Amino acid sequence: MSATPPKRLSLNAFSMNCVSHIQQGLWVRPEARQLEYKHLDPWLELARILEKGCFDALFLADVVGLYDSYKGGADVSIREGMQVPVNDPMLLIPAMATVTEHLGFAFTASILQTHPFTFARQLSTLDHLTNGRVGWNIVTGYLPNAAASLGLENLPNHDARYDQADEYLEVLYKLLEGSWEEDAVLADVQQRIYADPAKVHKIHHVGPHYRVEGPHLCEPSPQRVPLLFQAGSSERGREFAARHAECAFILTTRRALAAGRGPVPDVRQRAARYGRNPDDIRFYQAISPVVGGTETEARALAAEYTEQLSTEAALAHLSGSIGVDLGAIDPDRPLETFDSQAMTGAVKGLLESAPPGTRTFRDLARANMAGQFLVGTPEQIADTLIEFGEAGIDGFNLVYSVTPGTFVDFIDGVVPILQERGHVPRHYEDGPLRQRLFGSPRLPERHPAAAYRHRQPSTA
Ligand SMILES: Cc1cc2nc3c(=O)[nH]c(=O)nc-3n(C[C@H](O)[C@H](O)[C@H](O)COP(=O)(O)O)c2cc1C
């Protein structure tokens, strides 16, 4: 009998085109390059570093508004560089793609910010330019300021945003999968025929939110639909993930995984109800490695980070995420005294994965930053990641304390051990991002997008 091969673990770096992403306040450290976020150089350097470490992708978060619900406004967010100013993540990708060959680029874009017809064109263009290395993190947006700046009277309510997202995806699937047939492009120089008009179709979509005639303006790209990421923890969010997502970004614990609780088994079961295989979705846990030559060294570094983290900025972040002004209530008030109706799935997810002893909003805000610290020697960190893998996690989104330092330490120390033990490949396989993760460049026939593919008329 042959032994089971080691589980392949997927690695993504988690970043954002701004000064301060998750671990607020650490941008002031001298080795951090966050201050240079508006220049290309640190991004090109990061892309090269990640490719050296055989990472699957750089995952870029984004928001299109201010976190302005703390202490009645956005002053703390602006003063602390807390996700503002924030530049567009998508525009970094072609530059980073020119200095890499294999690294994937998953970027976040809210369904509220761009009409799906325009967005489909952006996705196809990026997928062409990168030879199929693009992923999209589907978000529905939670900041009222974003809605107000995008011309909406109000931020649509939580479940209505997911309903709109379902239609947004339907339009994208029609455009990306159903508009251009596979052999529509002939590029026939002799006959001067670029494409066959009979094989390019309008989509005639009419729905509650969108009317799109089509056709899609781009010819089919290597993946057609980019690799689909999603991070939703509410009931409705999990349902959405089960239907559409290929990679789900979650917060869980090894204890929950071992007990068969939390989003992983739940979303896999829901996926089966949509005719998908439970393995059609990969689950990525957020971790923030703090690597030291010895455990004592690693602990000292983590203690230094912890000391420097800005609780004030973290409270502004959490206030915006849950839509509650934590400056107007006592942040040291026990969480259970708070009306749980007002707690969104995001907070529930945070609570579920927060370290024991998280009792107040101040604790929760700090857990949001330091709760994912994984502190130790390279061997200790590799062991923990492998245990996560054995418990059902497929990969990790690495949250940085300082960039690129957190990624460099991980790649120099931990990746060689994971490679040695067979969990991370030493070399990239060829092909688009989806092919490397799922074995095929296109979405499988089981995915709802496939329903919109143009079928060849039967010749029988
Ligand atoms: C690890 C993680 C990363 C996220 N990144 C973003 C992001 O970059 N932009 C965004 O608008 N929302 C982001 N979200 C929020 C989710 O898209 C979603 O709104 C949130 O998890 C709440 O999900 P729910 O509404 O289904 O409960 C993130 C959530 C998690 C857990």
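All residue numbers in this chain count up from 1 along the given sequence. Whatever order the structure lists ligands and atoms in, that order sets their numbers, starting from 1. Quantities reported herein were computed from a predicted structural model and do not represent experimental measurements.
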**Q** Is the gap between the ring centers of His115 and Tyr210 under 6.0 Å?
**A**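 Here the rings of Tyr210 and His115 have centres that are less than 6.0 Å from each other.
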
**Q** Less than 4.0 Å is my threshold; does some heavy atom of Phe240 fall inside it relative to ligand 1?
**A**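 Outside the 4.0 Å threshold, so no.
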
**Q** Please classify the Gln230 to ligand 1 contact at 4.0 Å (heavy-atom distances, strictly less than): side chain, backbone, both or neither.
**A**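 Neither; no heavy atom under 4.0 Å.
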
**Q** Quick check: does Val63 get an N/O under 3.5 Å from an N/O on ligand 1?
**A** no

**Q** Counting heavy atoms only, which part of Asp62 comes closer than 4.0 Å to ligand 1: side chain, backbone, both or neither?
**A**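 The answer is the backbone.
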
**Q** Between Ser234 and ligand 1, does any nitrogen or oxygen pair lie at a separation below 3.5 Å?
**A** yes

**Q** Which of these, Ser233, Ala231, Gly237, has its nearest heavy atom closest to atom 4 (C) of ligand 1?
**A**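 Looking at heavy atoms only, the winner is Ala231.
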
**Q** For ligand 1, which atoms have a heavy atom of His158 less than 4.0 angstrom away?
**A** 24 (P), 25 (O), 26 (O), 27 (O)

**Q** Taking only heavy atoms of Tyr162 into account, list the atoms of ligand 1 that are under 4.0 Å away from them.
**A** 23 (O), 24 (P), 25 (O), 26 (O)

**Q** Please could you name the atoms of ligand 1 that Tyr142 approaches to less than 4.0 Å, counting only its heavy atoms?
**A** 10 (C), 11 (O), 12 (N), 15 (C), 19 (O)

**Q** Would you indicate whether Arg121, at its atom CZ, is surrounded by more than 12 heavy atoms from other residues, nucleotides or ligands within a distance under 6.0 Å?
**A** no

**Q** Do other residues, nucleotides or ligands put more than 12 heavy atoms under 6.0 Å from Glu31 CD?
**A** yes

**Q** Look at ligand 1 and say whether Ala286 reaches it with a heavy atom at a distance under 4.0 Å.
**A** no

**Q** Hey, would you say the Tyr173 and His447 ring centroids sit under 6.0 Å apart?
**A** yes

**Q** Please report whether the ring centroid of Phe249 lies less than 6.0 Å from that of Phe14.
**A** yes

**Q** Could you tell me if Asp163 and His209 have a donor-acceptor pair between their side chains, going purely by distance under 3.5 Å?
**A** no

**Q** I need the atoms of ligand 1 closer than 4.0 Å to a non-hydrogen atom of Thr108, numbered in the order shown.
**A** 7 (C), 8 (O), 9 (N)

**Q** Using the side chain to side chain contact (heavy atoms under 4.5 Å, CB included) definition, which of the options Leu318, Val76, Asp75 pairs with Tyr70?
**A** Val76

**Q** Less than 4.0 Å between a side-chain N and a carboxylate O, is that true for Glu239 and Arg270?
**A** yes

**Q** Considering the heavy atoms of Phe249, write down every atom of ligand 1 situated less than 4.0 Å from one of them.
**A** 1 (C), 2 (C), 3 (C)

**Q** Which ligand 1 atoms are under 4.0 Å away from a heavy-atom of Ala61?
**A**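 Counting atoms of ligand 1 from 1, those under 4.0 Å from Ala61 are 8 (O).
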
**Q** Does the distance from a Lys or Arg side-chain N to an Asp or Glu carboxylate O, for Arg268 and Asp394, drop under 4.0 Å?
**A**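 Yes, this pair counts.
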
